[in-house]
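Quick notes on the structure that follows.
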Amino acid sequence: MDLFSTFYSNLALGMGEAVTLSNLWYCLIGVTLGCLVGVLPGLGSIITISLLLPITYHLPTSGALIMLCGVYFGADYGGGTTSILLGIPGHPAAAVDVLDGYPMTKQGRGGVALFMKTVASAWGSMVGIVLLMLFAPILSNFALQFGPAEYCALMLLGLVAASTVGQGSPVKGVAMMVVGLILGTVGTDINTGELRFNFGLMELSDGVGLIPIAMGIFALAEVIKSVSNPSDTSMQTKFRLRDQLPTREDWRRSFGPMLRGSGLGAFFGTLPGTSGGMATFLAYSVEKRISKHPEEFGKGAIEGIAAPEACNNAGVGTAFIPTLTLGIPGDAIMALILAALVIQGIQPGPQVMTSHPELFWGLIVSFWIGNIFLVILNIPLIGIWVRLLQIPYNLLFPAIILFTCIGVYSTNRNVFDLYALFVFGLMGCGMLLLRLEAVPLLLGFVLGPAFEEYLRRALLLSRGDYGVFIEQPISLAALSVAALVLASSVWSFLRRRRKLAIATLNEGSQ
Amino acid sequence: MKSFDKQDMIAGAVLGAFGMFVAIYAVRNYEFGTTASMGPGYFPAVLGGILAILGLIIMLLSIRHIPSAEVWQAPFGLRPLLAVLVAVLVFASLILKLGLVPATIALSLVAALAEPKFRFQKAILLGVSLSLLSWLIFKVGLKMPLSAFVF
């Protein structure tokens, strides 16, 4: 009963924080902006959140976080819209919607697909948020007892997992994560006060800025790539609002996939590095395997929309569990949200829930409100989103460059940051050229300073004995899982490569 | 018959060289300390060493026994690359000297060069409307300390 009453009072606290006129307004701005950028190809939530980060300096803490999280949820809803209507995914996680959503549009059932996507997303979000509400307080209580060795091992697990799930070679992913850690060491060493890697530049004494890095390697590189490959996004099909309502048969067929999808998504959301499509494809293939009519998949099966969307949004909710309770982000977006916390002067970690309960619970209540906004916004506004796709990219991209520059400059009112942006833009292009991934670098950079600090503290306490990481059960478990993840991803990468090589060999001999 | 995956070969070489540089620079310039009491050089030196080894592994893995059918194609063109990056530099050099409006117009002009067909009037028009928009958003709306013109 006691548990229930604290739960209730926490919820009331959150309500008081989130249901103020200004925070409702930030939430609405966030989700609308998120939907908008989710719909526009080449503008995802990572770019938008890094563009908005400088603005959060000027906002109150809860408002800033509510807005950024709103963008994250909104982009998730919006990203599937273009997948279904045009066959072009707005962001990678929505790619799976193309498989059945686009065929449904061609059959004139695009509206039904969009409606079901919205329902499945809302259901998935609800599952994710409920799990976040239940497990975050337990985990953060537990985490308060963690020592530096446990933190170190958990961070390493997060970093390894996030760097090995990408498309390419896991070795390259881990290498980019190390590059990120190295970039994180630039600036003043907190233990000795000595300046590291500043090469005589006083501007680097506080380290390299996160905002120039994120904007350079994500936004600028993405703009350069998109300008080079102009795509034709003219709308082919027309649909009417009244065609959007699913039939009873559609509902019946979507119910099970939504349940299973949200379960899968909730589980994978808590694991670092698994967001961004992997879990949604898994949910899709599970449905295809257990379906009584697998032949319909890929030709417009409603299950192919319901399961991945529920999975995706459940993962969005549970991804906040490690981020908010441990301060360990699972992906680039979570890393940016942690950075927003730091900008507001709050050190991420398990103490956030006890020292800033109004922020944590306010954020959770705002997730509910944001999802309600999104359901209301999405159904009538689909027509507008589609029309927005017709904004030509040659008008959009100078605006993106401009907002990137103003955002970077205004963070510290420092022109040096603009030159840093230039350097990281160049580096981002070099990384595209060599197929090196940006996400592990950003995660390494964000976690680097804390990782070094915990490592130094753990080894100081153990008097220089590395055995401390194996003696503690939690750190041993985390390190074993990290080793397992690394080994399995290297193994599957080598196997995939061999298969590809054999395939090309066969092709060549024919 | 052996061949190299050029992309991975270069990536490994660049990362490995960077790692080696970081490790050597850290060892030479910063106190290493001991494991129990790390100096400022310990962590970067170890990271640099790890990166150098990873670079070497990437280079070794780039050796293929079967030539890949994939053709290495740059995901972007040189012209957009230069136009976008120079636009940033132009903005950086003008924002304090001339102010937000001239810097924005210059940025739009340079950025418009990224497209195969450069249309001067359209770029100017876009620059003027963008400077108005950004002035309204950042100066009027968010009250950021930016001056529209500096004389």
Side-chain angles (χ1 to χ4, degrees), chain A residues 55 58 169 171-172 174-175 178-179 181-182 185 189 191-192 194 196-197 220 223-225 227-229 394-395 397-399 401-406 409-410 413 415 418-419 421-422 425-426 429-430 432-436 452 455-456 459-460 462-466 500-502 504-505 507-508, chain B residues 7-8 10-11 14-15 18-19 22 25-26 30-31 34-40 43-44 47-48 50-51 54-55 57-58 61 64-69 74-77 80-81 84-85 87-89 91-92 95-96 104 107-108 111-112 114-115 126-127 130 133-134 138 142-146:
Chain A
I55 297 173
H58 307 266
S169 148
V171 188
K172 281 163 100 176
V174 173
V178 177
V179 172
L181 289 173
I182 291 173
T185 65
D189 173 29
N191 288 36
T192 58
E194 194 168 335
R196 290 190 292 190
F197 300 108
L220 281 191
V223 165
I224 291 168
K225 201 170 91 177
V227 177
S228 306
N229 308 297
N394 57 22
L395 292 181
F397 86 87
I401 303 171
L402 175 69
F403 291 155
T404 306
C405 285
I406 294 178
Y409 170 73
S410 59
R413 295 187 68 201
V415 178
L418 284 171
Y419 292 114
L421 173 70
F422 167 80
L426 197 63
C429 288
L432 278 177
L433 204 60
L434 298 175
R435 237 186 277 161
L436 292 166
E452 182 183 7
L455 183 74
R456 282 164 100 159
L459 288 167
L460 181 70
S462 75
R463 297 199 182 85
D465 179 14
Y466 272 103
L500 201 73
I502 291 169
T504 27
L505 194 67
E507 240 167 65
Chain B
Q7 251 175 338
D8 279 13
I10 299 170
V14 170
L15 290 171
F18 177 65
V22 168
Y25 191 90
Y30 310 118
E31 198 199 324
T34 61
T35 304
S37 149
M38 291 185 195
F43 190 60
L47 288 178
I50 292 173
L51 187 60
L54 289 173
I57 296 175
I58 295 169
L61 283 174
R64 301 281 156 93
H65 296 282
I66 301 142
S68 169
F76 51 83
L81 173 79
V84 171
L85 291 178
V88 173
L89 283 185
F91 185 85
I95 181 80
L96 286 183
T104 301
L107 178 142
S108 318
E115 288 180 272
L126 183 66
L130 276 181
L133 189 71
S134 56
F138 295 101
L142 294 162
K143 306 209 168 33
M144 283 186 184
L146 290 161

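A, B, ... follow the sequence lines: proteins, then strands. Residue 1 opens every chain. None of these values were measured; they are calculated from a predicted model.
- Side-chain contact between Val227(A) and Phe76(B) is absent, with no heavy atoms from C-beta onward closer than 4.5 Å.
- The shortest heavy-atom contact between Ser228(A) and Gly77(B) is OG-N, 3.0 Å.
- The candidate from Ala112(B), Pro40(B), Ala92(B), Pro44(B) with the greatest count of non-hydrogen atom pairs under 4.5 Å with chain A is Pro40(B).
- Residue Val171(A) touches chain B through both its backbone and its side chain, counting heavy-atom pairs closer than 4.5 Å.
- The contact between Glu194(A) and chain B is made entirely by side chain atoms (from C-beta outward), counting heavy-atom distances below 4.5 Å.
- Nearest heavy atoms, Lys172(A) versus Asp8(B): NZ-OD1, 2.5 Å.
- Nearest approach of Pro75(B) to Leu433(A), heavy atoms of both residues: CD-CD1, 3.9 Å.
- Nearest heavy-atom pair across Val178(A) and Leu47(B) is CG1-O, 3.5 Å.
- Counting all heavy atoms, side chain and backbone alike, Thr35(B) lies closest to Gly464(A) at CG2-O, 3.5 Å.
- Put simply, of Val174(A), Asp465(A), Leu432(A), the one with the most heavy-atom pairs under 4.5 Å next to chain B is Leu432(A).
- For the options Leu395(A), Ile406(A), Leu220(A), heavy-atom pairs under 4.5 Å to chain B are most numerous at Ile406(A).
- Proximity to chain A (any heavy atom under 4.5 Å) is restricted, for Ile50(B), to the side chain, taken from C-beta onward.
- For Leu126(B), the part lying under 4.5 angstrom from a heavy atom of chain A is the side chain only.
- Taking the six-membered ring where the residue is Trp, the centroids of Tyr30(B) and Phe197(A) are separated by under 6.0 Å.
- For Thr34(B), no part sits under 4.5 Å from any heavy atom of chain A, backbone or side chain.
- The heavy-atom pair separating Ile401(A) from Ala111(B) by the smallest distance is CD1-CB, 3.9 Å.
- Heavy atoms closer than 4.5 Å to chain B are found in the side chain of Arg413(A), but not in its backbone.
- Between chain B and the residues Ile224(A), Thr192(A), Asn191(A), the most heavy-atom pairs under 4.5 angstrom are made by Ile224(A).
- Interface residue Leu61(B): backbone and side-chain heavy atoms are both found under 4.5 Å from chain A.
- Partners of Leu96(B) according to the side-chain contact (heavy atoms from CB on, under 4.5 Å) rule, which considers only residues two or more places apart in sequence or in another chain, are Tyr409(A), Val415(A).
- Heavy-atom distances place the side chain of Leu436(A), and not its backbone, under 4.5 Å from chain B.
- In this structure, the portions of Leu85(B) lying under 4.5 Å from any heavy atom of chain A include both its backbone and its side chain.
- Glu115(B) is listed as a side-chain neighbour of Phe397(A), based on a closest heavy-atom distance under 4.5 Å.
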